[in-house]
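First the structure, in the form of structure tokens, and then the observations on it.
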Amino acid sequence: MTIFGTRPEAIKMAPIILEMQKQSENFTPITVLTGQHKEMLDQVMDIFNIKADYNLHVMKAKQTLSSITTTVISKLDDIIQKAQPDIILVHGDTTTTFAAAVSAFYHQIPLGHVEAGLRTWDKYSPYPEEMNRQMTDILSDVYFAPTKLSRENLLKQNLNDERIYITGNTAIDALNQTVDKNYHHSVLDNIADDHKIILLTMHRRENQGERMKRTFEAIRDEVLRRKDIEVVYPVHLSPAVQSAAHEIFDGIKRVHLIDPLDVVDFHNMAARSYFIMTDSGGVQEEAPSLGKPVLVLRDETERPEGVTAGTLKLVGTDPKVIKHAMDELFDNDSEYQRMATAKNPYGDGTASKQILKAIEDIFNDHKLDGDNNGY
Ligand code: UD1
Ligand code: UDP
């Protein structure tokens, strides 16, 4: 049983569900959506043509962390009780992830964590994701760590090495199915060929408010100063993000505020951009595969592999630092090339196959039986 509820979880769970469908002699997928997101989740389900078996429909305008957590836990009870899956899989670090992990524990169903072991070791950054993933890892029985570093993070918390599998990230599996050289989009068609495109996304809770506004102002200043750049910003549907984006960017001709893109559009838009600015987690993983530099609008990242590889640069939300980093990518070709030619540290696009192979091994070798359940 896979349980997920937001856009990024769906994008990274979809390859696993599709692979289970292919291997139907060994797997019977049960797909449960919490519906923490609605439109942004439906987009992904439609694109990958995956039908949910259950949808809890929890999303409310301005939902709180407590309301998501309590509604998901109570609504999952009957579903898990009835379905009695052999294993529950959750992904990443959203509040859906954490709540579903608690439910799996309450029903004593083995739990597998996809994208386990990411850490900043900073309780409130990102908030609430750092603690969501730590608490999920504590409750998990099997860990699908994207990299060696994420395995090491799990070992620092004394988690069971026999049940840690380094698989790469399923984000890369999805990417292999979406990018198309002949891609067209109406926004791109209206941008002059010699203009450079910056793809922007920003949504994190700890950035909302002053940090988000000053970041947007810095980007607006650069657009007004440099006449050959254009920003494409698919704005997250969160009301806090929508209002900040429209307040700062409305009326600026070379900033294109658009609805969230479906994942095929987003990957192709990223592939067409000159560079990316984002506080997203998933986008940091995808960019190295696309050969695009990323200015990360956060002070720290749980994806240091991308910084080491050279693709990611942490710029935070200080306007001076942001403008300097943008100027460097426009004016300093060797710096641009250094960031654009890094090797992807997140695997070769076979993570979902490796995850299913690991699950088979775990059941064949009875690794979850009896006394083996300790740390
Ligand atoms: C959530 C996750 C975050 C993840 C992000 C991915 C938590 C606490 N946060 O944050 O880790 O990075 O998703 O995008 O789990 N909304 C809609 N339609 C949608 C989606 C959202 O209208 O399809 C609006 C609703 O008003 C909702 C608000 O956005 O109340 C915020 O959604 P929420 O899931 O609480 O937080 P995100 O910022 O999306
Ligand atoms: N994405 C998308 N449409 C958009 C913006 C992002 O499909 O308009 C995809 C992106 O390719 C990545 C994922 O959404 O796979 C990242 O999701 P998000 O930034 O919402 O969450 P995070 O990864 O920060 O948790």
Side-chain angles (χ1 to χ4, degrees), residues 4-15 33-48 57-69 71-72 90-100 115 118 126-133 136 169-175 177-179 185 187 199-208 212 232-243 256-271 273 276-287 289-290 292 294 296-298 301-303 346:
F4 53 98
T6 66
R7 169 174 67 192
E9 295 164 78
I11 291 170
K12 294 172 183 177
M13 281 297 210
L33 304 182
T34 65
Q36 179 179 334
H37 282 176
K38 187 174 181 307
E39 299 84 351
M40 289 163 53
L41 179 65
D42 294 345
Q43 277 182 325
V44 186
M45 301 300 283
D46 289 348
I47 282 281
F48 289 106
H57 296 291
V58 307
M59 195 189 91
K60 288 191 286 201
K62 299 193 180 172
Q63 56 203 2
T64 64
L65 301 177
S66 310
S67 74
I68 303 168
T69 309
T71 318
V72 168
V90 294
H91 171 275
D93 53 21
T94 71
T95 294
T96 281
T97 314
F98 165 62
E115 201 180 277
L118 275 62
Y127 169 80
E129 289 84 358
E130 175 66 13
M131 294 317 289
N132 280 345
R133 57 193 170 221
T136 301
N169 197 306
T170 55
I172 310 305
D173 305 20
L175 204 61
Q177 300 165 35
T178 51
V179 176
H185 188 281
V187 171
L199 182 62
L200 169 67
T201 80
M202 193 168 192
H203 71 274
R204 304 230 80 84
R205 273 167 206 250
E206 71 275 12
N207 273 339
Q208 289 171 10
M212 193 169 276
V232 177
Y233 180 7
V235 189
H236 192 292
L237 294 179
S238 164
V241 180
Q242 286 277 336
S243 62
H256 309 268
L257 297 187
I258 57 175
D259 287 338
L261 291 165
D262 71 45
V263 66
V264 173
D265 279 329
F266 189 81
H267 287 171
N268 281 285
M269 200 69 89
S273 69
I276 300 170
M277 300 180 75
T278 192
D279 67 356
S280 161
V283 177
Q284 293 177 56
E285 292 151 356
E286 294 163 348
S289 268
L290 297 166
K292 300 297 167 183
V294 181
V296 182
L297 304 166
R298 293 174 48 184
T301 180
E302 60 292 278
R303 277 114 174 149
Y346 297 109

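All values derive from a computational prediction rather than experimental measurement. First listed ligand is number 1; within each ligand, the first listed atom is number 1. For the numbers below, each heavy atom of this structure counts, side chains included, while hydrogens, waters and symmetry mates do not.
Close approach of ligand 2 to V263 (heavy-atom distance below 4.0 Å) involves ligand atoms 7 (O). Atoms of ligand 2 found under 4.0 Å from any heavy atom of G281, numbered from 1 in the order shown, are 22 (P), 23 (O), 24 (O). Of all atoms in ligand 2, numbered sequentially from 1 with element shown, those under 4.0 Å from a heavy atom of H267 are 11 (O). Residue I11 approaches ligand 2 through these ligand atoms, each under 4.0 Å from one of its heavy atoms: 7 (O), 9 (C), 13 (C), 14 (O), 15 (O). Atoms of ligand 2 found under 4.0 Å from any heavy atom of P260, numbered from 1 in the order shown, are 8 (O). Remark: ligand 1 atoms within the under-4.0 Å shell around heavy atoms of S238 are 24 (C), 28 (C), 29 (O). Applying the 4.0 Å criterion to heavy atoms of T94 picks out, from ligand 1, the atoms 11 (O), 15 (O).
When atom types are taken as modelled, the side chain of N207 and the backbone of L297 share a donor-acceptor pair closer than 3.5 angstrom. Using a distance-only test at 3.5 Å, with no hydrogens or angles considered, no donor-acceptor pair links the side chain of H267 to the main chain of L175. Proximity of a side-chain donor or acceptor of K292 to a complementary backbone N or O of S273 within less than 3.5 Å is detected. Side-chain N or O atoms of Q36 include none that pairs as donor or acceptor with a backbone N or O of I68 at under 3.5 Å. With hydrogens and angles disregarded, no donor-acceptor distance shorter than 3.5 Å links the side chain of N169 to the backbone of I172. A donor-acceptor pair under 3.5 Å links the side-chain atoms of Y233 to the main chain of M202, judged by distance alone. Between the side chain of T64 and the backbone N or O of S67, at least one donor-acceptor pair lies under 3.5 Å.
Looking at ligand 1, you'll find an N or O of K38 within less than 3.5 Å of one of its N or O atoms. Where the criterion is an N or O separation shorter than 3.5 Å, residue side chain and backbone included, H236 meets it with respect to ligand 1. For K62, a nitrogen or oxygen atom sits less than 3.5 Å from a nitrogen or oxygen atom of ligand 1, counting backbone and side chain alike. Taking any N or O of D279, backbone or side chain, none lies under 3.5 Å from an N or O belonging to ligand 2. In terms of polar-atom proximity, defined here as any N/O pair under 3.5 Å, H236 makes no such contact with ligand 2. Annotation: L261 places an N or O atom under 3.5 Å from an N or O atom of ligand 2; distance criterion only. Between P234 and ligand 2, no pair of N/O atoms sits closer than 3.5 Å.
Interatomic distance, CG of D259 versus CD of Q242, reported as 7.5 Å (0.5 Å rounding).
Here K12 does not pair with E9 in a salt bridge; the nearest charged N to carboxylate O distance is not below 4.0 Å. Between R204 and E129 there is a salt bridge, with a side-chain nitrogen of the basic residue lying less than 4.0 Å from a carboxylate oxygen of the acidic one.
With a heavy-atom cut-off of 4.0 Å, P128 touches ligand 1 through its side chain alone. Under 4.0 angstrom from ligand 1, the non-hydrogen atoms of P239 all belong to its side chain. Contact annotation for L65 and ligand 1: only side-chain heavy atoms (C-beta onward) come within less than 4.0 Å of the ligand. When non-hydrogen atoms are compared, ligand 2 lies under 4.0 Å from neither the backbone nor the side chain of M40.
The residue from R204, Q43, R7, H37 that puts a heavy atom closest to atom 10 (O) of ligand 1 is H37. For the residues E129, Q242, Q208, M59, the heavy atom positioned nearest atom 3 (C) of ligand 1 is part of E129. The residue among H203, M40, Q63 with a heavy atom at the shortest distance from atom 23 (O) of ligand 1 is M40. One option in R133, R205, K60 has a heavy atom closer to atom 30 (O) of ligand 1 than any other, and that option is K60. Counting heavy atoms only, E286 comes closest to atom 11 (O) of ligand 2 of the residues M202, R7, E286.
Contact annotation: K12 has no heavy atom less than 4.0 Å from any atom of ligand 2. The shortest separation from a heavy atom of E129 to ligand 2 is not under 4.0 Å, leaving the residue out of contact. At least one heavy atom of I68 lies less than 4.0 angstrom from ligand 1.
Remark: minimum distance from atom 23 (O) of ligand 2 to any protein heavy atom is reached at G282 N, 2.7 Å. The protein atom (non-hydrogen) at minimum distance from atom 19 (C) of ligand 1 is E39 OE1, 3.4 Å. Looking at atom 19 (O) of ligand 2, its nearest protein heavy atom turns out to be S280 OG, 2.7 Å. Scanning the protein heavy atoms around atom 21 (O) of ligand 2, the nearest turns out to be P8 CG, 3.3 Å. The protein heavy-atom contact nearest to atom 34 (O) of ligand 1 is Q36 NE2, 2.9 Å.
When all heavy atoms are compared, the tightest approach of V235 to V241 is CG1-CG1, 3.9 Å.
Between T96 and T34, the side chains place a donor N or O and an acceptor N or O closer than 3.5 Å (distance only, hydrogens not considered). A side-chain N or O of T201 and one of T278 form a donor-acceptor pair less than 3.5 Å apart.
Taking the side chain as every heavy atom from C-beta outward, H185 and L261 approach each other to under 4.5 Å. Within the 4.5 Å cutoff, side-chain heavy atoms of E39 are placed close to those of M59.
Ring geometry, H203 versus H236: the interplanar angle falls under 30°, so the pair is classed parallel (tilted spans 30 to 60°).
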Between T94 and T97, does the side-chain hydrogen bond (donor to acceptor under 3.5 Å, both in side chains) criterion hold? Intermediate values first, please. CA-CA 5 Å; T94 71; T97 314; 3.0 Å; yes
